**Q** 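This is the structure I want to talk about, given as structure tokens.
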Amino acid sequence: MKTPNDPSARRAELRAIRWLTLTHAFGMGLFVLLMATFFWYLRTVEVDQQKQALYRDIASAQTALRRELRDDQDEVGLVAEEWIARARRSAGAAARAVEDFLARRGSAVYVALADAEGHVTWSMASRGAMPIGARERGAAIADPAGQDALAELHQRQRPVFTQPFSSAASDVLVELYAPVYDDSGFTGAVIVGYSLNRMLGGSLLQTIRDRYQLSIVDRDGNSLVSSSLFEIDLAHLSHELPLDPPGHGVRLRAFAYDMQPHLVDRSLVAAVIGLSLAILATLLMLWRHARRRLFAEYERDRLFTLSPDPLCVFELDGALVRGNPAFESVLGGGERRRRIDRWVHPDDREQVATALAQIAAPGASSASFEARFRARDPFGATEPDAPAGTAAWRWLHWLLRRDADADAPRPLLYAVARDVTERRNAELALTAETAFREAMEDSMLTGMRAFDLGGRITYVNRAFCRMVGLDAHELVGALPPYPYWPPGNTEANHESLSRVLRGDAPASGFEVKVRRKDGSLFDARMYVSPLIDRHGKQTGWMTSMTDVTEPKRIREQLAAAHERFTTVLDELDAAVSVVAHPPDGAFDRAELLFANRMYRQLFGTDSRRHEALLAARDLEAADDGPTEIFDAALGRWFEVRGRQIRWVDGSAVEMLVATDVTRRRHVEEQQREQDRKLQRTSRLVTMGEMASSLAHELNQPLTAIANYCMGLSARIRARAAAGASMAPDELLAPLAKTAAQAARAGEVIRRIRNFVKRSEPERRRCDIGVIVADAVGLAEIDARRLGIQVVTRLPAEMPSLSADPILIEQVLLNLLKNGIEAMRDAPADRPHVITLAVELADGHAEFSVTDHGNGLPHDARERLFEPFFTTKAEGMGIGLNICRSIVESHKGRLWAESASSGCSFRFTLPVPSSMAVVADTV
């Protein structure tokens, strides 16, 4: 490698400077050529733009004139017959209509009426027009233009324009002939004379006349009228278009005024020449100072080598030319021509490319940027192309300086980097937090104000300043009375501030009057909360303020119109709400369109409660009928109905009606509790009625036990008196019989205890055979006493039930007991048998209890299940009613049928499909 003091290196540098000088000279010549070409191109583009503007404006003028003449042609053709009719009746009537037409048409100078022979019968000139230009009354239309127009009128039978002709008043006119016909044929014509000078000088073309000379020419190119007295000879900036109506070869011509000064062009050419000369002189001076620059570059190379900061040289495209030792220690030794973005984090490469493009732009001399660069592996295994997640990244601040020698064959970038990783991380964290807080504060529409415990304002946000019309520096540091307090209300405001400082401000906020800087007042609602620092200590109060002036005004205006609609709904005991869903169906963005007073009292104005109730209803029921839902947040039961309706704007919305049925549910629960008490009372009454039978049933095993014990005691005493003892085998038989009688009495007591014990209703899986056995076991106590046999008929296989076994046993026992009592007075020739049968059909278990008593009277069958109705002398009339309630609570049905002799009571219970079928063991 050549050192800065190497003579060959210096000679190479001198040769490079000479070539650089020649290159700059060539570039200067090329620059002059390019500038000349650029000026020629600008001039060409300018002329082309003027032509395009000329074509567009003359087309606009043509359209305006043609529209005006065609409108007149249509209007005169429609009113021609009316004007002639008025003129025949009264000249004054025709004059008024014509005068109004002439007043609206500035280019029209007269109106004349002609008969069928071509004689003018009536005429009228516009105000300010030369009377000599009008058709005189009584004169014949003998001029060539008029004769041609009449001939064409007869031929075409619609309004036509004449050829332009000169009038005696040195004006060029064109006439509009409109024919009039009746049943006899052509009766005359209306003639309207137009001045082309007036037409061209009208206000419709004022803007175009300021930029162009307008003229109307005939088919031979002769100018008829012109907007200027001077002709412009600039053929490449002129344009003409046909003008029809009036037609006949008439054309509209425009010449553009040349208002472009040439001073700028000459000045730019002079500047370019002067700049080129200056650059040539600069190149000469640059060569003279080349030798002194060599020594400076040598010192620069030493600084480049010894600098502790990474220094490097890049080409304009970012390719590395050279790096100092510090560069290699931080980023590692890179190959020549390796681009800088190979060390850059993928997320920062665009920023680096932007900086390189910025400094590569003409006129740019420096640029700076900060980006993450892959740091050198401490073990020397640096690989710039390694994945981003496998290397350590450092933030480097780069300052780029472009080579001041613009004519250098290869412009270079001189860069210095500084490690700012720690500072950058701290700044990024601080910037993110600050930006987030500022974004929140600036985007809020609610005014925020903070003041210390003494009432001194310490902070206001932008919305608060905008509300009161004061700047932040006018508010921060202010003490009461504040500048936005209304005059005359200071005492009340002091009292409100005292409540806030004491912490007595309502959580729901309070309304105050606020004065703006301009003196106007507005209503605001304020919410106050304690301001707690990071140590948990209260340092003041934070206030949010919302301008409620407009909402209050709108509410007051809408209240009257809304009152009739909401009065009925607000008086309902049901919560009514209407919600509109966005097109994408997102429930979190649903809009609450209406809510009555009950809804607001229960749920506020949150549409999510509406959606929650409907969602709960959909889970509970598949149809659209009313569904009872429990709201855990309010602790209430609601009967919910929902349906789709059309809102006032025609959109589909969802209406919800939620009726509070908590009280009804409580009443029903109390009723169910009463029913449970009544059911238990019924069971106790049943046991009371069976008391004598139960006593007899228990007396037998107890008497047997006593006899066995007395006999066994006598035998033991006799043996003891004889001096002998009883063998164990002699004691086993009496004791076994005693135990059997005790088990018999225990089974009776168990059944009685299970039947009458107090327990909460509990539905569980239960065996039909066990329920039937327990009920029959209790009923047989009375049946045996009366000589009645209880027969059960059960299927071979029976499913399990999901029911309360005690309640089902109570139903069976009540029906069996009624059957036993019904057979007490039955004729002796009837079978003393009660049959309890169970059948399975259609997912139900059907129970039947059939007796052979005297049956039911016809009138009693209708009232059989009414409360307190009984056919027994000592009955209470609640047994069957309780039985039906129990069966219906299990989703079953209880009814009575007449048998051939006696009566049959039947009831059904549903059998869940998931219950397994169990074998019958009865």
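Just so we're clear, the structure is a prediction, and the values are computed from it rather than from any experiment. We use all heavy atoms of the structure for the numbers below, so side chains are in, but hydrogens, waters and symmetry mates are not.
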**Q** When you measure from the side chain of Thr121 to the backbone of Leu113, do you find a donor-acceptor pair of N or O atoms at a distance under 3.5 Å?
**A**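 It does hold such a pair.
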**Q** Output the distance between atom OG (Ser577) and atom CE (Met598), rounded to the nearest 0.5 Å.
**A**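 Output value for this atom pair is 13.0 Å.
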**Q** Are the side chains of Arg198 and Val109 in touch, meaning some heavy atoms are under 4.5 Å apart?
**A**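 Yes. Closest side-chain heavy atoms under 4.5 Å.
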**Q** Looking only at heavy atoms, which two atoms of Ala463 and Met444 are closest? And how far apart?
**A**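 That would be CB-O, 3.5 Å.
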**Q** Is it true that a side-chain atom of Arg515 and a backbone atom of Gly519 form a donor plus acceptor pair closer than 3.5 Å?
**A**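 The answer is no, because no donor-acceptor pair under 3.5 Å joins these two groups.
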**Q** Between Phe101 and Trp83 (judged by ring centroids, cut-off 6.0 Å), do the two rings come close enough to count as a pair?
**A**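 Yes; Trp83 has its ring centre under 6.0 Å from that of Phe101.
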**Q** Rounded to the nearest 0.5 Å, what separates atom CG in Asp244 from atom CG in Leu69?
**A**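 The distance works out to 9.5 Å.
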**Q** Would you indicate whether the side-chain heavy atoms of Phe594 and Met655 approach each other to under 4.5 Å?
**A**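 When only atoms from C-beta onward are counted, Phe594 and Met655 do not touch, as no gap falls below 4.5 Å.
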**Q** Using ring centroids (six-membered ring only for Trp), state whether Tyr484 and Phe522 fall under 6.0 Å.
**A**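 No: the rings miss the under 6.0 Å criterion.
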**Q** Run the side-chain contact (heavy atoms from CB on, under 4.5 Å) test on Ile84 and Val190 for me, step by step, so that the C-alpha distance in whole Å, both residues' side-chain angles and the decisive distance to 0.1 Å come before the verdict.
**A** CA-CA 8 Å; Ile84 290 181; Val190 174; 4.1 Å; yes
**Q** Of all the heavy-atom pairs spanning Val174 and Phe161, show the shortest one and how long it is.
**A**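 Looking at all heavy atoms of both residues, the closest pair is CG2-CD2, 4.2 Å.
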**Q** Check Asp71 with Arg67, please: is the shortest side-chain N to carboxylate O separation under 4.0 Å?
**A**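 Not counted as a salt bridge, because no side-chain N and carboxylate O are separated by less than 4.0 Å.
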**Q** Could you walk me through whether Asn197 and Ser195 satisfy the side-chain hydrogen bond (donor to acceptor under 3.5 Å, both in side chains) test, starting with their C-alpha distance in whole Å, then the side-chain angles of each, then the deciding distance to 0.1 Å, before giving a yes or no?
**A** CA-CA 5 Å; Asn197 279 319; Ser195 170; 4.9 Å; no
**Q** Does the plane of the ring in His154 sit parallel, tilted or perpendicular to the ring in Phe186? Use 30° and 60° as the thresholds.
**A**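 It falls in the perpendicular class, over 60°.
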**Q** Any donor-acceptor pair under 3.5 Å linking the side chain of Asp115 with the backbone of Gly118?
**A**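 Flag set: sc Asp115 to bb Gly118 pair under 3.5 Å.
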**Q** Heavy-atom distance under 4.5 Å between the side chains of Ser544 and Met526, does that happen here?
**A**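 In short, these two side chains do not touch, never coming nearer than 4.5 Å.
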**Q** Of all the heavy-atom pairs spanning Pro179 and Ala80, show the shortest one and how long it is.
**A**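 The pair with the smallest heavy-atom distance is O-CB, 4.3 Å.
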**Q** Would you please test Met545 and Val514 for side-chain contact (heavy atoms from CB on, under 4.5 Å) and show each step?
**A** CA-CA 10 Å; Met545 182 175 71; Val514 179; 3.9 Å; yes
**Q** Check for a donor-acceptor pair, side chain of His248 on one end and backbone N or O of Arg219 on the other, with a separation under 3.5 Å.
**A**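 Checked: no pair found.
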**Q** Drop me the distance from Asp220's CG to Asn222's CG, to the nearest 0.5 angstrom.
**A**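 With rounding to 0.5 Å, CG (Asp220) is 5.5 Å from CG (Asn222).
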**Q** Would you check if the side chain of Glu654 reaches a backbone N or O of Arg643 as a donor-acceptor pair within less than 3.5 Å?
**A**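 Answer holds: no.
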**Q** Passes salt bridge (charged side-chain N to carboxylate O under 4.0 Å, His left out), Asp518 versus Arg516? Steps please.
**A** CA-CA 5 Å; Asp518 59 5; Arg516 298 187 180 92; 5.4 Å; no
**Q** Using a strict cut-off of less than 4.0 Å between a Lys/Arg side-chain nitrogen and an Asp/Glu carboxylate oxygen, indicate whether Glu438 and Arg462 qualify as a salt bridge.
**A**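 Result for this pair is no, no salt bridge flagged.
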**Q** With side-chain contact (heavy atoms from CB on, under 4.5 Å) as the test, would you mind laying out the steps for Val111 and Ile191 before giving the verdict?
**A** CA-CA 6 Å; Val111 174; Ile191 305 171; over 6 Å; no
**Q** For residues Phe165 and Thr162, report the shortest heavy-atom separation together with the two atoms involved.
**A**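 Heavy-atom minimum between the residues: CE2-OG1, 3.9 Å.
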**Q** Hey, mind stepping through Leu521 and Thr549 against side-chain contact (heavy atoms from CB on, under 4.5 Å) and telling me if it holds?
**A** CA-CA 9 Å; Leu521 301 178; Thr549 304; over 6 Å; no
**Q** For a 4.5 angstrom cut-off between non-hydrogen side-chain atoms, does Ile645 reach Val653?
**A**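 Ile645 vs Val653: side chains touch.
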**Q** Side chain of Asp547, backbone of Ala524: donor and acceptor closer than 3.5 Å?
**A**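 No.
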**Q** Are any of the side-chain heavy atoms of Cys465 and Leu470 separated by less than 4.5 Å?
**A**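 Cys465 vs Leu470: side chains apart.
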**Q** For Lys552, check salt bridge (charged side-chain N to carboxylate O under 4.0 Å, His left out) against everything at least two apart and list the hits.
**A**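 Per chain and number, Lys552 pairs via salt bridge (charged side-chain N to carboxylate O under 4.0 Å, His left out) with Glu511, Asp523.
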**Q** Does Tyr110 form a side-chain hydrogen bond (donor to acceptor under 3.5 Å, both in side chains) with Glu175? I'd like the steps, not just the answer.
**A** CA-CA 9 Å; Tyr110 62 86; Glu175 291 181 331; 2.2 Å; yes
**Q** Does Arg70 form a salt bridge (charged side-chain N to carboxylate O under 4.0 Å, His left out) with Asp74? I'd like the steps, not just the answer.
**A** CA-CA 6 Å; Arg70 285 182 177 175; Asp74 295 338; over 6 Å; no
**Q** Can we say Arg96 and Glu99 salt-bridge, meaning some charged N sits less than 4.0 Å from an Asp/Glu carboxylate O?
**A**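 No salt bridge links Arg96 with Glu99.
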**Q** Do the non-hydrogen side-chain atoms of Leu656 and Val576 ever get within less than 4.5 Å of each other?
**A**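 Contact flag for Leu656/Val576 side chains = no.
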**Q** Compare every heavy atom of Leu613 with every heavy atom of Val640, then report the nearest pair and how far apart it is.
**A**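 Heavy-atom minimum between the residues: CG1-O, 4.3 Å.
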**Q** Closest heavy-atom contact between Glu611 and Val579?
**A**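 Looking at all heavy atoms of both residues, the closest pair is OE2-CG1, 3.4 Å.
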**Q** Could you tell me the separation between the CD atom of Gln73 and the OH atom of Tyr177, rounded to the nearest 0.5 Å?
**A**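 With rounding to 0.5 Å, CD (Gln73) is 14.5 Å from OH (Tyr177).
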**Q** Is there side-chain contact between Leu475 and Pro483, with at least one heavy-atom pair below 4.5 Å?
**A**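 They are in contact (side-chain heavy atoms under 4.5 Å apart), so the answer is yes.
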**Q** CZ/Arg609 to CG/Leu592 distance, rounded to the nearest 0.5 angstrom?
**A**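 One gets 12.5 Å once the value is rounded to the nearest 0.5 Å.
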**Q** Say whether, by atom type as modelled, one donor and one acceptor occur between the side chain of Thr63 and the main chain of Ala59 under 3.5 angstrom.
**A**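 Present.
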**Q** As an exercise, state the distance from OG1 of Thr187 to CG of Asp182, rounded to the nearest 0.5 Å.
**A**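 So the gap between those two atoms works out to 4.5 Å.
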**Q** Checking the side chain of Arg600 only, and the main-chain atoms of Ala595 only, is there a donor and an acceptor separated by less than 3.5 Å?
**A**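 The answer is yes, because a donor-acceptor pair under 3.5 Å joins these two groups.
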**Q** Flag yes if more than 12 heavy atoms outside Arg66 fall under 6.0 Å of its CZ atom; otherwise flag no.
**A**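 Counting neighbours around CZ of Arg66, more than 12 heavy atoms of other residues, nucleotides or ligands fall under 6.0 Å, so yes.
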**Q** Does the Ser60 side chain pair with the main chain of Arg56, one donor and one acceptor, at a distance under 3.5 Å?
**A**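 Not a single qualifying donor-acceptor pair exists.
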**Q** Quick one, Phe464 and Thr446 - any side-chain contact, counting heavy atoms below 4.5 Å?
**A**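 Sidechains of Thr446 and Phe464: no contact.
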